[in-house]
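What follows is a single structure, written as structure tokens, with notes after it.
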Amino acid sequence: MAGGLAVVLSGGGAKGAFQVGVLDALIREKGVDFETAVGTSTGAIQAAAVAQDDIGRLIDFWRGLTSESSIYRKRGGTLLAAITGKDSIYSTGPLRSLLDQFIDDAAIRATGKNLRLAVVNLTNGELRIVGENADGIANWVYASSAMPFFFPPLETRSALGVREQWVDGGVRDVTPLDAGLAERPRAILVVRASARPAPDEAKKYDNLLEIALRSVDLLSREVSQNDIKNVDLINALILMRDRQRMDLMQTGLDAATIDAVMRRFDDLVNRFRLVPIKVIEPESNLYDTLDFEPDLIEQNIQRGREAVLAQWDMLSTFLGASGD
């Protein structure tokens, strides 16, 4: 399929609850239909739900989280994990069980929607986009969410029997726009889990875990800021092209001449598959990446719904939707 709408869902851990509220308002309340769902990290969970056409179960998934133990469990401390040679400081049996119960390969394929999940091969650094026809989609959703150091990688074997480890797609691409553009949609809605970074207050980080979390956050911020710059550039180029065409039309030139003048510009836009992009994001972060507090999660879901309602006049035009 091509020419429909795409939604791109960024990483952000527990802050992905904001995305859940956005999707609920858009899909279940406003009737918006996304042909393509792209996600990385926590966004991979939401993308799978869009592709499976089951936002109701996605909400149940998030509302069923009672604490961090619903997602991960401590192995006895950072030092013990290092001494015993573990591949992460947390175990993620609870998360993997939830994903296995929630994600249905056959149901995803039956909808006819495109699913694109960003994962990174820890062995060679490759960014791979996994689609709806992959086997064991729940495993790949997990892999896209597996923050290195904190969560264990997904292990597989290549066709040649080589052991491979797969981790969080956000290591390479926090907001996988290219995977959405590759499907040639008519427009892309980016739903970010995290607010744009504000100046931080000076703070001391006292232990290895705090330092590691802070380092991951800073890295994600840098990648995410570059993603937003790319969005601004794409929209500026498309706007410039459209305005240039309108200016030429006002000179009285015939359509063939205008097409000839604009050909190089149009070829460039088509070459890079550029389409209009709109970003929805929270104004601030209610909590940190690995905090799973039910009251705050519910509040964040509601903030996502409210963001859609507040911007609906603009969004309905952008998405070509007619929901009330």
Side-chain angles (χ1 to χ4, degrees), residues 10-17 39-46 48 61-62 64-103 117-128 130 134 136-158 162-174 176 193-194 205-224 287-293 297:
S10 77
K15 290 176 281 190
T40 193
S41 196
T42 187
I45 300 173
Q46 279 68 264
F61 176 101
W62 280 87
L65 304 178
T66 58
S67 68
E68 64 183 33
S69 63
S70 297
I71 297 293
Y72 61 89
R73 291 178 182 153
K74 297 178 180 179
R75 296 187 186 273
T78 307
L79 180 59
L80 180 61
I83 292 173
T84 56
K86 300 296 185 182
D87 55 8
S88 63
I89 63 172
Y90 300 137
S91 62
T92 50
L95 173 60
R96 300 201 65 170
S97 178
L98 286 173
L99 293 175
D100 286 341
Q101 294 171 39
F102 171 40
I103 297 172
L117 307 172
V119 296
V120 171
N121 188 324
L122 195 61
T123 309
N124 59 20
E126 169 197 5
L127 174 69
R128 178 181 294 184
V130 176
I137 294 174
N139 288 332
W140 292 110
V141 171
Y142 169 74
S144 187
S145 306
M147 292 172 57
F149 181 78
F150 298 98
F151 293 175
L154 172 72
E155 293 197 8
T156 65
R157 293 279 178 180
S158 71
V162 177
R163 176 173 172 262
E164 295 179 316
Q165 295 172 292
W166 301 91
V167 297
D168 192 336
V171 170
R172 290 280 307 275
D173 201 347
V174 175
S194 301
Y205 298 89
D206 295 317
N207 59 58
L208 178 61
L209 182 57
E210 288 184 353
I211 292 171
L213 277 169
R214 175 62 171 166
S215 299
V216 169
D217 182 55
L218 289 174
L219 176 61
S220 297
R221 285 187 184 192
E222 184 66 24
V223 176
S224 182
Y287 46 81
D288 291 330
T289 301
L290 292 180
D291 291 340
F292 292 89
E293 172 63 41
I297 285 175

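All values below come from the heavy atoms of this structure, side chains included, with hydrogens, waters and symmetry mates left out.
- A tilted orientation is assigned to the rings of F102 and F61, their planes being inclined by 30° to 60°.
- Residues Y287 and A17 come closest through the heavy atom pair OH-CB, 3.6 Å.
- Listed here is the closest heavy atom pair of F150 and S88: O-CB, 3.4 Å.
- L117 is listed as a side-chain neighbour of I137, based on a closest heavy-atom distance under 4.5 Å.
- Residues W62 and Q46 are in side-chain contact: their nearest non-hydrogen atoms beyond the backbone lie under 4.5 Å apart.
- With contacts defined as side-chain heavy-atom distances shorter than 4.5 Å, the pair R96/N139 qualifies.
- Between K74 and I89 the shortest side-chain heavy-atom distance does not fall below 4.5 Å.
- Across all their heavy atoms, T42 and G11 have their closest contact at CG2-C, 3.8 Å.
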With side-chain contact (heavy atoms from CB on, under 4.5 Å) as the test, would you mind laying out the steps for Y72 and L95 before giving the verdict? CA-CA 7 Å; Y72 61 89; L95 173 60; over 6 Å; no

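- S91 contributes no side-chain N or O that, together with a main-chain N or O of G93, makes up a donor-acceptor pair within less than 3.5 Å.
- The CD1 atom of I71 sits 7.5 Å away from atom CG of L99, with the distance rounded to the nearest 0.5 Å.
- Contact annotation: the side chain of Y142 approaches that of P152 to within less than 4.5 Å [non-hydrogen atoms, C-beta and beyond].
- Between E155 and E164, every side-chain heavy-atom pair lies at or beyond the 4.5 Å cut-off.
- With values rounded to the nearest 0.5 angstrom, R163 atom CZ is found 12.0 Å from S158 atom OG.
- Residues passing the ring pair (Phe, Tyr, Trp, His ring centres under 6.0 Å) test with W140, sequence neighbours excluded: W166.
- The two residues G64 and S70 have their closest heavy-atom pair at O-OG, 4.2 Å.
- Across all their heavy atoms, G12 and A193 have their closest contact at CA-CB, 4.0 Å.
- Nearest heavy atoms, V167 versus P153: CG1-CB, 3.7 Å.
- The closest side-chain heavy-atom distance from T92 to M147 is not below 4.5 Å.
- A search for side chain to side chain contact (heavy atoms under 4.5 Å, CB included) contacts involving S144 returns T40, A44, V119, not counting sequence neighbours.
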L65 and L98: CA distance, side-chain angles, deciding distance, side-chain contact (heavy atoms from CB on, under 4.5 Å) verdict: CA-CA 10 Å; L65 304 178; L98 286 173; 3.8 Å; yes

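- A heavy-atom distance below 4.5 Å is not found between the side chains of V171 and L122.
- Separation of atoms OG (S41) and CG (D173) is listed at 11.5 Å; rounding is to 0.5 Å.
- Between the CG atom of L290 and the NZ atom of K15 there is a distance of 9.5 Å, given to the nearest 0.5 Å.
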